[in-house]
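Structure first, commentary second.
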Amino acid sequence: MNYDTFADWIHEIYSTQAVELDCDQTQALLPAYAEGRLAGRQLDSQYKHLQTHLSHCSHCQDVYQVLYHVLELEVTEGLPEVAELLAAFGTLAAVPEPLAVAL
């Protein structure tokens, strides 16, 4: 193990919180969180633990970004047909930067 990997590992251990959400708990909260963010509501205090999880879990961050993008499409342009959405899947991988979690 190299020094950087070890340092990251130690940092994660020491940054453990008294209350933490696992991936299932986080993903259950993502729809309400994404809708609130899309509506421009201030959610920092209400979703503090969710935001912490998203900042450490790239898988949940990916799920959140895709969900946000789909909700944004639904609100602004309407959802495309499934075949059209699947054809555009390659462009969904490049989700815009503003979707990053603000901590």
Side-chain angles (χ1 to χ4, degrees):
M1 176 181 306
N2 67 34
Y3 176 82
D4 291 336
T5 302
F6 180 74
D8 289 343
W9 182 67
I10 292 297
H11 175 72
E12 290 298 321
I13 290 171
Y14 279 84
S15 66
T16 301
Q17 304 292 312
V19 175
E20 291 189 352
L21 300 177
D22 64 22
C23 292
D24 290 338
Q25 294 168 317
T26 297
Q27 290 180 25
L29 295 171
L30 285 180
Y33 179 70
E35 288 173 359
R37 291 278 318 271
L38 190 59
R41 290 194 295 269
Q42 182 66 14
L43 304 171
D44 292 345
S45 61
Q46 184 180 2
Y47 287 97
K48 177 178 72 171
H49 300 301
L50 179 137
Q51 291 172 334
T52 300
H53 182 89
L54 291 178
S55 71
H56 295 285
C57 180
S58 61
H59 173 73
C60 288
Q61 179 65 241
D62 290 345
V63 171
Y64 165 71
Q65 288 182 358
V66 170
L67 176 62
Y68 186 96
H69 184 70
V70 169
L71 289 173
E72 186 177 47
L73 278 175
E74 186 177 37
V75 170
T76 60
E77 303 169 22
L79 288 177
E81 295 297 318
V82 172
E84 184 182 348
L85 186 60
L86 291 175
F89 179 75
T91 61
L92 289 178
V95 176
E97 284 299 317
L99 298 183
V101 175
L103 294 179

Original post:
What is the distance from atom SG of C60 to atom CG of L50, rounded to the nearest 0.5 Å?
Top reply: 8.5 Å
Original post:
Under the side chain to side chain contact (heavy atoms under 4.5 Å, CB included) test, which residues partner Q46, sequence neighbours left out?
Top reply: L43
Original post:
Rounded to the nearest 0.5 Å, what separation is found between the CZ atom of R37 and the CD atom of Q42?
Top reply: 9.0 Å
**OP:** List for me each residue that meets side chain to side chain contact (heavy atoms under 4.5 Å, CB included) alongside Q25, sequence neighbours excluded, and say none if there are none.
**Re:** L21, D22
Original post:
Got a second to check how far Y64's OH is from L29's CG, nearest 0.5 Å?
Top reply: 13.0 Å
Subject >> Approximate separation, where rounding is to 0.5 Å, of Q65 CD and L30 CG >> reply: 11.0 Å
Subject >> Atom pair NE2 (H53) and CD (Q61), whose distance is rounded to the nearest 0.5 Å >> reply: 10.0 Å
Original post:
Mind checking what makes side chain to side chain donor-acceptor pair (under 3.5 Å) contact with N2, not counting sequence neighbours?
Top reply: T5
Original post:
How about E20 and T52: do any of their side-chain heavy atoms sit closer than 4.5 Å?
Top reply: no
Subject >> Partner set under side chain to side chain contact (heavy atoms under 4.5 Å, CB included) for F6, not counting sequence neighbours >> reply: M1, W9, I10
